[in-house]
Amino acid sequence: MRYLPHSAHERAEMLGVIGAADIEALFSAVPKSALKSFRLDLPDHSPEFMVEAHMRALANKNQAGGDGPFFVGAGAYRHHVPATVDHLIQRSEWLTAYTPYQPEISQGTLQMLFEFQTQVAKITGMDVANASLYDGSTGTAEAVLMARRLTRRSKIVLSGGLHPHYRDVVKAYLKDDADLVCLSPSPEGQGDILEHIDGNTAAIVIQTPDFYGHLRDLKGAAEAAHAQGALLIVVVTEVVSLGLLEAPGALGADIVVAEGQSIGNALNFGGPYLGLMATRKEFIRQMPGRVCGETVDADGNRGFVLTLSTREQHIRREKATSNICTNSGLCALAFSIHMGLLGEAGFVRLARLNHANAIRLADALDGVPGVTLLNQTFFNEMTIRVTQPAAGLVERLARRGILAGVPASRLLPEDPEVNNLLILAATELTTEADIAALCTALTEELA
């Protein structure tokens with residue numbers, strides 16, 4: 001978008017309409033301490049082509065995910081997105097469509113969301129799914145609020161294996177509520193979450209595979225929670241894992257939240273992403289967002305409707321289950337198209353490819369001096385302990401053209417215990433040459 005400045009006459013005219021004498025009067029309500037009192041060290045102006053050249057030069061300093069070995073995960077994963085997905089979502093009837101405020105005339109959008117909900121319910125093993133949320137982290141916070149409404153209890157216990165960003169979003173939603181229990185990071189295993197369940201517990205929140213890559217015992221957690229009348233909320237940041245692991249719903253989960261980015265959505269510098277939420281049928285009226293359904297019209301033809309919409313834009317705010325304003329419709333469409341292209345067999349095969357490459361990565365890392373693998377179980381992500389701070393190691397490997405994962409200290413800066421931990425992910429795009437390059441570079445840097 002080009003910068004089109006207003007002339008002095010146009011600015012004076014606008015100020016006159018507003019009733020402000022000058023620019024200073026326009027911003028008179030802003031505290032003086034909040035106003036910038038210094039000049040930025042930037043040139044006053046420059047020709048457009050020179051600005052473009054400068055910005056391109058800055059962009060060329062970046063290393064894109066496809067430029068070399070890439071092992072970054074920790075909640076956002078690099079997968080292959082078929083060209084078909086991008087082609088279809090950019091059709092004008094999809095790209096410009098917005099939320100169905102008059103749902104009866106938005107049959108295409110409603111059908112897509114209905115199919116999307118069906119796919120989410122199938123892979124999570126739950127009865128019903130909504131028409132998406134913003135992302136996995138806000139979905140987790142919404143699930144916590146939902147559990148409080150369902151149980152009329154207040155205590156929430158967050159596993160030490162929950163992604164730190166998800167934990168922080170829940171804390172922001174609950175404003176550091178005294179009944180929110182955030183367990184210490186558990187990089188080496190299950191942790192002691194079951195010991196914190198009592199008669200006031202609304203829900204426990206467990207991520208699997210967790211932030212460190214471990215697979216969690218959902219069945220045992222569900223039994224322990226249900227014995228106390230609490231709910232089990234399961235969080236999945238790598239949705240591809242559901243193609244290989246037993247569905248959370250089959251293991252006793254009451255609410256499942258997932259980040260859908262891995263299917264149909266590229267990394268995109270961190271967003272927009274896609275929140276998935278599914279639950280049991282009896283809990284549907286407390287699920288935030290929208291639910292689309294299938295019906296027949298007066299002539300008996302198949303049609304789609306907005307079955308449930310318990311959000312603040314549709315009912316009185318005090319009766320809303322959520323103040324979330326919209327769903328990630330275009331990202332949900334991309335997810336649904338990619339999932340439709342894969343089919344059940346393709347989804348399972350994709351998951352197996354991810355796990356197989358992760359096994360190759362784990363076997364190769366086992367032979368690198370100074371590297372200790374912490375995981376006994378994993379899907380496509382794992383944590384290693386190295387003999388020096390992981391953050392500096394990652395920076396040096398990046399200078400060698402290898403994006404070697406995420407230092408745990410980057411997301412847990414307040415915890416010195418994780419300084420030497422490095423989280424790595426392998427996907428279907430990880431090659432044997434990538435793994436060999438990583439292990440060679442690690443060996444040299446740790447020597």
Side-chain angles (χ1 to χ4, degrees), residues 58-83 85-86 135-136 163 165 209 211-213 237-241 243 259-274 334 338 349-368 371 373-375 378-384 386 390-411 421-446:
L58 293 177
N60 288 337
K61 294 181 180 180
N62 292 329
Q63 180 174 339
D67 289 346
F70 185 90
F71 299 92
V72 178
Y77 303 90
R78 180 174 172 257
H79 291 282
H80 172 65
V81 179
V85 174
D86 194 49
D135 55 27
H163 194 294
H165 286 171
F211 177 62
Y212 305 97
T237 62
E238 173 52 291
V239 72
V240 174
S241 67
E259 172 54 66
Q261 172 268 321
S262 290
I263 300 295
N265 291 273
L267 288 169
N268 295 333
F269 299 97
Y273 287 168
L274 171 65
H338 191 182
R349 183 168 179 266
L350 175 63
R352 291 191 181 280
L353 285 171
N354 275 253
H355 186 53
N357 282 346
I359 291 173
R360 293 189 185 95
L361 175 61
D363 289 344
L365 290 171
D366 191 48
V368 176
V371 170
L373 179 65
L374 300 189
N375 298 68
F378 56 82
F379 169 65
N380 70 351
E381 194 161 25
M382 63 203 69
T383 300
I384 60 173
V386 292
L393 177 63
V394 165
E395 290 297 326
R396 295 198 302 278
L397 291 174
R399 289 194 286 270
R400 299 174 65 146
I402 299 171
L403 299 181
V406 178
S409 59
R410 181 175 179 179
L411 300 183
L421 301 186
L422 178 58
I423 302 165
L424 304 99
T427 71
E428 75 279 6
L429 298 178
T430 305
T431 67
E432 291 187 10
D434 293 339
I435 295 172
L438 171 69
C439 291
T440 299
L442 276 173
T443 300
E444 295 172 358
E445 291 291 344
L446 293 173

Peer 1: For Pro407 versus Ala391, what's the shortest heavy-atom pair and its separation?
Peer 2: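 Looking at all heavy atoms of both residues, the shortest contact is CG-CA, 3.7 Å.
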Peer 1: Would you confirm whether Asp67, through its side chain, and Gly65, through its main-chain N or O, come within 3.5 Å as a donor-acceptor pair?
Peer 2: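 No.
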Peer 1: Answer yes or no: are there more than 12 heavy-atom neighbours, outside Arg396 itself, under 6.0 Å from its atom CZ?
Peer 2: yes
Peer 1: I'd like to know if the side chain of Thr427 reaches the main chain of His79, judged simply by a donor and an acceptor atom lying under 3.5 Å from each other, with no hydrogens or angles considered.
Peer 2: no
Peer 1: Specify the closest pair of heavy atoms between Ala390 and Leu422, including all atoms of both residues, with the distance to one decimal.
Peer 2: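 For Ala390 versus Leu422, the nearest heavy atoms are CB-CB, 4.2 Å.
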Peer 1: Okay, side chain of Asn375, backbone of Thr383: is any donor-acceptor separation there less than 3.5 Å?
Peer 2: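 Side chain of Asn375 to backbone of Thr383, a donor-acceptor pair under 3.5 Å: yes, one is there.
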Peer 1: Taking the side chain as every heavy atom from C-beta outward, state whether Leu361 and Thr430 have any pair of such atoms under 4.5 Å apart.
Peer 2: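 Side-chain contact under 4.5 Å: no.
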Peer 1: Check whether His355 reaches the backbone of Phe379 with its side chain - one donor and one acceptor, N or O, closer than 3.5 Å.
Peer 2: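 Confirmed, His355 side chain pairs with Phe379 backbone.
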Peer 1: So do the side chains of Tyr273 and Leu267 get within less than 4.5 Å of each other, counting heavy atoms only?
Peer 2: yes
Peer 1: Please check if the side chain of Asn354 supplies one atom and the backbone of Leu350 the other of a donor-acceptor pair under 3.5 Å.
Peer 2: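 Judged by distance alone, yes, a pair lies under 3.5 Å.
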Peer 1: Tell me, do Met382 and Ile423 make a side-chain contact under 4.5 Å, heavy atoms counted?
Peer 2: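 Heavy-atom side-chain distance check fails, nothing below 4.5 Å.
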Peer 1: For the backbone of Ala74 and the side chain of His163, can you confirm whether one donor and one acceptor N or O come within less than 3.5 Å of each other?
Peer 2: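 Judged by distance alone, yes, a pair lies under 3.5 Å.
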Peer 1: Indicate whether any N or O donor in one side chain lies under 3.5 Å from an N or O acceptor in the other, for Asn357 and Glu428.
Peer 2: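 No, Glu428 and Asn357 have no side-chain donor paired with an acceptor closer than 3.5 Å.
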Peer 1: Is there a side-chain contact (heavy atoms from CB on, under 4.5 Å) between Leu429 and Phe70? Walk through the geometry before answering.
Peer 2: CA-CA 9 Å; Leu429 298 178; Phe70 185 90; over 6 Å; no
Peer 1: In the structure I gave you, are the side-chain heavy atoms of Leu442 and Leu397 within less than 4.5 Å of one another anywhere?
Peer 2: yes
Peer 1: With a cut-off of 3.5 Å and sequence neighbours excluded, list every side-chain donor-acceptor pair involving residues 431-441.
Peer 2:
from	atom 1	to	atom 2	distance (Å)
Thr431	OG1	Ala433	N	3.4
Thr431	OG1	Asp434	N	3.0
Thr431	OG1	Asp434	OD1	3.3
Thr431	OG1	Asp434	OD2	3.1
Asp434	OD2	Thr431	N	3.1
Thr440	OG1	Ala436	O	2.9

Peer 1: For a quick test of reading the model, state the closest non-hydrogen atom pair linking Val240 to Ser262 and the distance between them.
Peer 2: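 Scanning both residues completely, I find the closest heavy atoms to be CG2-CB, 3.8 Å.
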Peer 1: Closest heavy-atom contact between Leu373 and Ala362?
Peer 2: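 Leu373 and Ala362 have their closest heavy atoms at CD2-CB, 4.0 Å.
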Peer 1: Any side-chain heavy-atom pair from Asn265 and Val81 closer than 4.5 angstrom?
Peer 2: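 Answer no - side chains too far apart.
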Peer 1: Measure the CD-CD1 distance between Glu445 and Ile402 for me, rounded to the nearest 0.5 Å.
Peer 2: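 Output value for this atom pair is 9.0 Å.
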Peer 1: Please check: side-chain N/O of Glu259 versus main-chain N/O of Glu238, any donor-acceptor pairing under 3.5 Å?
Peer 2: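 No; zero donor-acceptor contacts below 3.5 Å.
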Peer 1: Are a donor atom and an acceptor atom from the side chains of Glu381 and Tyr212 found within less than 3.5 Å of each other?
Peer 2: no
Peer 1: Can you see which heavy atom on Asn380 is nearest to which on Ala358, and at what distance?
Peer 2: CA-CB, 3.5 Å
Peer 1: Using the rule given for side-chain contact (heavy atoms from CB on, under 4.5 Å), can you reason through Asp135 versus Leu274, listing the C-alpha separation, both sets of side-chain angles and the distance that settles it, and then say yes or no?
Peer 2: CA-CA 4 Å; Asp135 55 27; Leu274 171 65; over 6 Å; no
Peer 1: I'd like to check the side chain to side chain donor-acceptor pair (under 3.5 Å) partners of Glu444; sequence neighbours left out, ordered by chain and number.
Peer 2: Arg400
Peer 1: Would you check if Leu411 and Phe211 make a side-chain contact, meaning some heavy-atom pair closer than 4.5 Å?
Peer 2: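 A side-chain contact under 4.5 Å exists here.
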